[in-house]
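Since the structure comes first, as C-alpha coordinates, the remarks are kept for the end.
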Amino acid sequence: MSGPGQRPLEGRVALVTGASRGIGRSIARELARRGAHVGVNFQSNRDAAESCLAEIEAEGGAGELVPFDVADADASNEGIGGLASRRGRLDVLVNNAGIALDGLLMRYKEDDWQRIVGVNLGGVFHCCKAAARPMVKGRWGRIVNLTSVVSQLGNAGQGPYAATKAGVEGLTRSLARELASRSITVNAVAPGFIDTEMTAALPEAIRSAYVGAVPVGRLGTADEVAAAVAFLCGPDAGYVTGHVLAVNGGLSM
Ligand code: NAD
(Lines give C-alpha, C1' and ligand atoms only; values in the text may rest on other atoms or scores of the structure.)
Protein backbone atom coordinates (compact mmCIF):
# COMPACT_ATOMS: atom_id res chain seq x y z
CA MET A 1 0.00 0.00 0.00
CA SER A 2 1.21 3.50 -0.71
CA GLY A 3 1.54 5.94 2.17
CA PRO A 4 1.95 9.66 2.85
CA GLY A 5 4.85 11.30 1.05
CA GLN A 6 5.23 8.38 -1.35
CA ARG A 7 4.99 8.71 -5.12
CA PRO A 8 2.80 5.78 -6.16
CA LEU A 9 2.63 6.98 -9.78
CA GLU A 10 6.40 7.26 -10.23
CA GLY A 11 7.31 6.15 -13.77
CA ARG A 12 3.70 6.41 -14.97
CA VAL A 13 2.51 8.66 -17.80
CA ALA A 14 -0.86 10.39 -17.43
CA LEU A 15 -3.03 12.60 -19.59
CA VAL A 16 -5.62 14.98 -18.11
CA THR A 17 -8.06 16.63 -20.53
CA GLY A 18 -9.12 20.23 -19.92
CA ALA A 19 -6.28 20.64 -17.44
CA SER A 20 -5.65 24.36 -17.75
CA ARG A 21 -8.09 25.43 -15.04
CA GLY A 22 -10.59 24.30 -12.40
CA ILE A 23 -10.84 20.66 -11.39
CA GLY A 24 -8.60 19.46 -14.23
CA ARG A 25 -5.77 21.71 -13.11
CA SER A 26 -6.00 20.35 -9.54
CA ILE A 27 -6.02 16.78 -10.89
CA ALA A 28 -2.95 17.40 -13.08
CA ARG A 29 -1.04 18.86 -10.12
CA GLU A 30 -2.04 16.02 -7.78
CA LEU A 31 -1.04 13.28 -10.26
CA ALA A 32 2.33 15.03 -10.73
CA ARG A 33 2.82 15.24 -6.93
CA ARG A 34 2.25 11.47 -6.88
CA GLY A 35 5.05 11.00 -9.41
CA ALA A 36 3.34 10.82 -12.81
CA HIS A 37 4.60 12.62 -15.90
CA VAL A 38 1.45 14.58 -16.76
CA GLY A 39 0.20 15.52 -20.21
CA VAL A 40 -1.66 18.81 -19.70
CA ASN A 41 -4.35 18.92 -22.37
CA PHE A 42 -6.04 22.18 -23.31
CA GLN A 43 -8.13 23.35 -26.22
CA SER A 44 -7.39 27.06 -26.61
CA ASN A 45 -6.01 28.69 -23.45
CA ARG A 46 -2.27 28.08 -23.88
CA ASP A 47 -1.28 30.68 -21.25
CA ALA A 48 -3.37 28.96 -18.57
CA ALA A 49 -2.01 25.52 -19.55
CA GLU A 50 1.56 26.85 -19.42
CA SER A 51 0.93 28.26 -15.95
CA CYS A 52 -0.45 24.85 -14.84
CA LEU A 53 2.72 23.18 -16.13
CA ALA A 54 4.88 25.81 -14.41
CA GLU A 55 3.11 25.04 -11.10
CA ILE A 56 3.75 21.32 -11.61
CA GLU A 57 7.44 21.95 -12.27
CA ALA A 58 7.72 24.35 -9.31
CA GLU A 59 6.53 21.52 -7.08
CA GLY A 60 9.22 19.18 -8.45
CA GLY A 61 6.92 17.39 -10.90
CA ALA A 62 7.12 16.90 -14.65
CA GLY A 63 4.78 17.11 -17.61
CA GLU A 64 4.18 18.54 -21.04
CA LEU A 65 1.48 20.41 -22.94
CA VAL A 66 -0.76 18.28 -25.19
CA PRO A 67 -3.16 20.60 -27.05
CA PHE A 68 -6.23 19.22 -28.80
CA ASP A 69 -10.02 19.54 -28.94
CA VAL A 70 -11.54 16.39 -27.38
CA ALA A 71 -14.59 16.75 -29.66
CA ASP A 72 -12.30 16.09 -32.66
CA ALA A 73 -11.68 12.33 -32.93
CA ASP A 74 -8.60 12.62 -35.16
CA ALA A 75 -7.01 15.35 -33.05
CA SER A 76 -7.64 13.35 -29.84
CA ASN A 77 -6.09 10.27 -31.41
CA GLU A 78 -3.04 12.22 -32.58
CA GLY A 79 -2.62 14.06 -29.26
CA ILE A 80 -2.85 10.96 -27.09
CA GLY A 81 -0.96 8.72 -29.53
CA GLY A 82 1.81 11.34 -29.73
CA LEU A 83 2.20 11.52 -25.95
CA ALA A 84 2.28 7.71 -25.68
CA SER A 85 4.91 7.37 -28.40
CA ARG A 86 7.11 10.22 -27.05
CA ARG A 87 7.07 8.72 -23.52
CA GLY A 88 6.93 5.06 -24.59
CA ARG A 89 3.74 4.40 -22.61
CA LEU A 90 0.40 5.74 -21.36
CA ASP A 91 -0.90 4.55 -18.00
CA VAL A 92 -3.54 7.03 -16.84
CA LEU A 93 -6.28 8.95 -18.65
CA VAL A 94 -8.50 11.42 -16.82
CA ASN A 95 -11.40 12.64 -18.95
CA ASN A 96 -12.12 15.94 -17.23
CA ALA A 97 -12.86 18.31 -20.13
CA GLY A 98 -16.50 19.27 -20.16
CA ILE A 99 -18.88 22.09 -20.91
CA ALA A 100 -22.23 23.08 -19.40
CA LEU A 101 -24.55 24.57 -21.99
CA ASP A 102 -27.66 24.99 -19.87
CA GLY A 103 -31.13 25.74 -21.16
CA LEU A 104 -34.75 24.70 -20.95
CA LEU A 105 -35.95 21.99 -23.32
CA MET A 106 -38.30 24.04 -25.49
CA ARG A 107 -35.72 26.77 -26.12
CA TYR A 108 -32.67 24.55 -26.47
CA LYS A 109 -30.72 25.16 -29.70
CA GLU A 110 -29.82 22.20 -31.92
CA ASP A 111 -26.25 23.53 -32.28
CA ASP A 112 -25.83 23.52 -28.48
CA TRP A 113 -27.11 19.93 -28.30
CA GLN A 114 -24.61 18.81 -30.95
CA ARG A 115 -21.79 20.66 -29.20
CA ILE A 116 -22.47 19.39 -25.67
CA VAL A 117 -22.84 15.79 -26.86
CA GLY A 118 -19.71 16.18 -29.01
CA VAL A 119 -17.55 17.46 -26.15
CA ASN A 120 -18.93 15.75 -23.03
CA LEU A 121 -19.78 12.35 -24.48
CA GLY A 122 -17.88 12.19 -27.80
CA GLY A 123 -14.75 13.60 -26.16
CA VAL A 124 -14.66 10.87 -23.51
CA PHE A 125 -15.24 8.19 -26.15
CA HIS A 126 -12.49 9.48 -28.47
CA CYS A 127 -9.94 9.76 -25.66
CA CYS A 128 -10.75 6.31 -24.21
CA LYS A 129 -10.41 4.82 -27.68
CA ALA A 130 -7.04 6.49 -28.26
CA ALA A 131 -5.72 5.55 -24.80
CA ALA A 132 -6.82 1.91 -24.87
CA ARG A 133 -4.14 0.78 -27.34
CA PRO A 134 -1.06 1.88 -25.33
CA MET A 135 -2.72 0.75 -22.08
CA VAL A 136 -3.46 -2.72 -23.47
CA LYS A 137 0.13 -2.86 -24.74
CA GLY A 138 1.40 -1.93 -21.26
CA ARG A 139 -1.00 -4.38 -19.57
CA TRP A 140 -1.96 -1.74 -16.99
CA GLY A 141 -4.19 1.30 -17.05
CA ARG A 142 -6.42 3.67 -15.17
CA ILE A 143 -9.24 5.64 -16.79
CA VAL A 144 -11.25 8.09 -14.69
CA ASN A 145 -14.17 10.03 -16.19
CA LEU A 146 -15.62 13.15 -14.59
CA THR A 147 -19.40 13.00 -14.51
CA SER A 148 -21.77 14.89 -12.20
CA VAL A 149 -24.32 14.52 -9.42
CA VAL A 150 -26.95 15.75 -11.91
CA SER A 151 -26.68 12.54 -13.94
CA GLN A 152 -28.35 10.85 -10.95
CA LEU A 153 -30.56 13.66 -9.59
CA GLY A 154 -31.47 15.46 -12.81
CA ASN A 155 -31.75 19.25 -12.85
CA ALA A 156 -34.25 21.51 -14.59
CA GLY A 157 -32.42 23.42 -17.32
CA GLN A 158 -29.59 20.89 -17.45
CA GLY A 159 -31.21 18.02 -19.39
CA PRO A 160 -28.58 17.83 -22.14
CA TYR A 161 -25.70 18.15 -19.62
CA ALA A 162 -27.21 15.44 -17.39
CA ALA A 163 -27.79 13.20 -20.42
CA THR A 164 -24.14 13.44 -21.48
CA LYS A 165 -22.91 12.68 -17.95
CA ALA A 166 -25.31 9.73 -17.58
CA GLY A 167 -24.05 8.51 -20.96
CA VAL A 168 -20.48 8.67 -19.71
CA GLU A 169 -21.45 6.57 -16.67
CA GLY A 170 -22.87 3.86 -18.99
CA LEU A 171 -19.71 4.01 -21.10
CA THR A 172 -17.61 3.75 -17.93
CA ARG A 173 -19.31 0.54 -16.79
CA SER A 174 -19.14 -1.02 -20.27
CA LEU A 175 -15.45 -0.21 -20.79
CA ALA A 176 -14.72 -1.46 -17.27
CA ARG A 177 -16.06 -4.87 -18.31
CA GLU A 178 -14.30 -4.74 -21.68
CA LEU A 179 -10.84 -3.84 -20.34
CA ALA A 180 -10.77 -5.54 -16.93
CA SER A 181 -8.86 -8.60 -18.12
CA ARG A 182 -5.97 -6.32 -19.21
CA SER A 183 -5.59 -4.81 -15.70
CA ILE A 184 -7.19 -1.59 -16.89
CA THR A 185 -9.76 -0.08 -14.53
CA VAL A 186 -12.41 2.39 -15.67
CA ASN A 187 -14.23 4.48 -13.08
CA ALA A 188 -16.09 7.77 -12.81
CA VAL A 189 -15.97 10.54 -10.24
CA ALA A 190 -19.24 12.45 -9.91
CA PRO A 191 -18.69 15.82 -8.23
CA GLY A 192 -21.50 17.80 -6.63
CA PHE A 193 -21.18 21.59 -6.46
CA ILE A 194 -17.52 22.49 -6.64
CA ASP A 195 -16.11 25.99 -6.35
CA THR A 196 -14.74 26.58 -9.89
CA GLU A 197 -15.28 29.03 -12.75
CA MET A 198 -18.10 26.74 -14.00
CA THR A 199 -20.14 27.27 -10.81
CA ALA A 200 -18.94 30.87 -10.31
CA ALA A 201 -21.03 31.68 -13.40
CA LEU A 202 -24.23 30.84 -11.45
CA PRO A 203 -26.32 33.66 -9.90
CA GLU A 204 -25.68 34.10 -6.16
CA ALA A 205 -29.26 33.08 -5.20
CA ILE A 206 -28.85 29.76 -7.01
CA ARG A 207 -25.44 29.13 -5.44
CA SER A 208 -26.92 29.76 -1.94
CA ALA A 209 -29.83 27.42 -2.66
CA TYR A 210 -27.40 24.69 -3.73
CA VAL A 211 -25.29 25.10 -0.60
CA GLY A 212 -28.44 24.87 1.52
CA ALA A 213 -29.15 21.44 0.04
CA VAL A 214 -25.69 20.03 0.78
CA PRO A 215 -25.48 18.20 4.14
CA VAL A 216 -21.82 19.21 4.55
CA GLY A 217 -23.02 22.85 4.18
CA ARG A 218 -20.51 24.22 1.70
CA LEU A 219 -19.29 23.90 -1.89
CA GLY A 220 -16.53 21.36 -2.45
CA THR A 221 -13.05 22.25 -3.61
CA ALA A 222 -11.25 21.17 -6.76
CA ASP A 223 -8.54 19.63 -4.57
CA GLU A 224 -11.14 17.40 -2.88
CA VAL A 225 -12.20 16.07 -6.28
CA ALA A 226 -8.57 15.66 -7.33
CA ALA A 227 -7.81 13.52 -4.25
CA ALA A 228 -10.62 11.09 -5.18
CA VAL A 229 -9.46 10.93 -8.80
CA ALA A 230 -5.85 10.35 -7.75
CA PHE A 231 -6.87 7.45 -5.51
CA LEU A 232 -8.63 5.74 -8.45
CA CYS A 233 -5.52 6.32 -10.61
CA GLY A 234 -3.19 4.69 -8.10
CA PRO A 235 -2.00 1.16 -7.45
CA ASP A 236 -4.22 0.81 -4.34
CA ALA A 237 -7.39 1.01 -6.47
CA GLY A 238 -6.70 -2.03 -8.67
CA TYR A 239 -9.81 -3.87 -7.46
CA VAL A 240 -12.16 -0.89 -8.00
CA THR A 241 -13.68 -0.78 -11.48
CA GLY A 242 -16.97 0.28 -13.06
CA HIS A 243 -17.64 2.46 -10.01
CA VAL A 244 -19.09 5.97 -9.84
CA LEU A 245 -17.57 7.71 -6.82
CA ALA A 246 -19.71 10.59 -5.52
CA VAL A 247 -17.78 13.60 -4.19
CA ASN A 248 -20.72 15.81 -3.29
CA GLY A 249 -20.85 16.53 0.44
CA GLY A 250 -23.76 14.13 0.83
CA LEU A 251 -26.02 15.79 -1.74
CA SER A 252 -27.04 12.37 -3.06
CA MET A 253 -26.88 9.28 -0.90
P1 NAD B 1 -14.17 24.35 -16.10
O2 NAD B 1 -15.10 24.94 -17.10
O3 NAD B 1 -13.52 25.26 -15.11
O4 NAD B 1 -13.03 23.51 -16.83
C5 NAD B 1 -13.31 22.65 -17.90
C6 NAD B 1 -12.06 22.59 -18.75
O7 NAD B 1 -12.35 21.79 -19.92
C8 NAD B 1 -11.63 23.97 -19.25
O9 NAD B 1 -10.24 24.10 -19.08
C10 NAD B 1 -12.01 23.93 -20.72
O11 NAD B 1 -11.17 24.74 -21.53
C12 NAD B 1 -11.81 22.46 -21.04
N13 NAD B 1 -12.50 22.08 -22.26
C14 NAD B 1 -13.79 22.38 -22.60
N15 NAD B 1 -14.04 21.89 -23.83
C16 NAD B 1 -12.91 21.27 -24.27
C17 NAD B 1 -12.56 20.60 -25.46
N18 NAD B 1 -13.44 20.46 -26.45
N19 NAD B 1 -11.32 20.07 -25.57
C20 NAD B 1 -10.41 20.21 -24.56
N21 NAD B 1 -10.70 20.86 -23.41
C22 NAD B 1 -11.92 21.39 -23.27
O23 NAD B 1 -14.98 23.20 -15.38
P24 NAD B 1 -14.75 22.46 -13.98
O25 NAD B 1 -15.72 23.00 -13.03
O26 NAD B 1 -13.31 22.43 -13.62
O27 NAD B 1 -15.27 20.99 -14.38
C28 NAD B 1 -14.41 19.92 -14.75
C29 NAD B 1 -15.24 18.68 -15.00
O30 NAD B 1 -16.00 18.36 -13.82
C31 NAD B 1 -16.27 18.84 -16.12
O32 NAD B 1 -16.38 17.63 -16.84
C33 NAD B 1 -17.54 19.15 -15.38
O34 NAD B 1 -18.68 18.80 -16.13
C35 NAD B 1 -17.37 18.32 -14.14
N36 NAD B 1 -18.17 18.80 -12.99
C37 NAD B 1 -17.94 20.02 -12.44
C38 NAD B 1 -18.72 20.42 -11.34
C39 NAD B 1 -18.53 21.75 -10.64
O40 NAD B 1 -19.28 22.01 -9.71
N41 NAD B 1 -17.58 22.58 -11.01
C42 NAD B 1 -19.71 19.59 -10.85
C43 NAD B 1 -19.91 18.36 -11.45
C44 NAD B 1 -19.11 17.98 -12.51
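One-based numbering, in listed order, for ligands and for the atoms of each.
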Does even one non-hydrogen atom of T147 get within less than 4.0 Å of ligand 1?
yes
Specify whether the nearest protein heavy atom to atom 25 (O) of ligand 1 is under 4.0 angstrom away.
yes
Can a protein heavy atom be found under 4.0 Å away from atom 44 (C) of ligand 1?
yes
Under 3.5 Å, N or O to N or O, is V70 touching ligand 1 that way?
yes
Would R34 and E30 pass as an ion pair if we require N to O under 4.0 Å?
yes
N or O pair under 3.5 Å between E197 and ligand 1:
no
As an exercise, identify every atom of ligand 1 less than 4.0 angstrom from a heavy atom of I99.
14 (C), 15 (N)
For ligand 1, which is the ligand I care about here, please tell me if I194 has any N or O atom under 3.5 Å from one of the ligand's N or O atoms.
yes
Short N/O distance, under 3.5 Å, between I23 and ligand 1?
yes
Numbering the atoms of ligand 1 from 1, which are under 4.0 Å from a heavy atom of G22?
26 (O)
Is there a heavy atom of R25 sitting under 4.0 angstrom from any atom of ligand 1?
no
Can you check whether S148 has an N/O within less than 3.5 Å of an N/O in ligand 1?
no
Is there any ring pair (Phe, Tyr, Trp, His ring centres under 6.0 Å) pair reaching into residues 129-178, and which pairs are they, with sequence neighbours excluded?
none
Atom 5 (C) of ligand 1: which protein heavy atom is closest, and how many Å away?
G98 O, 3.8 Å
Nearest non-hydrogen protein atom, atom 28 (C) of ligand 1
N96 OD1, 3.0 Å
Ignoring angles and geometry beyond distance, decide whether T196 reaches within less than 3.5 Å of ligand 1 through its nitrogen or oxygen atoms.
yes
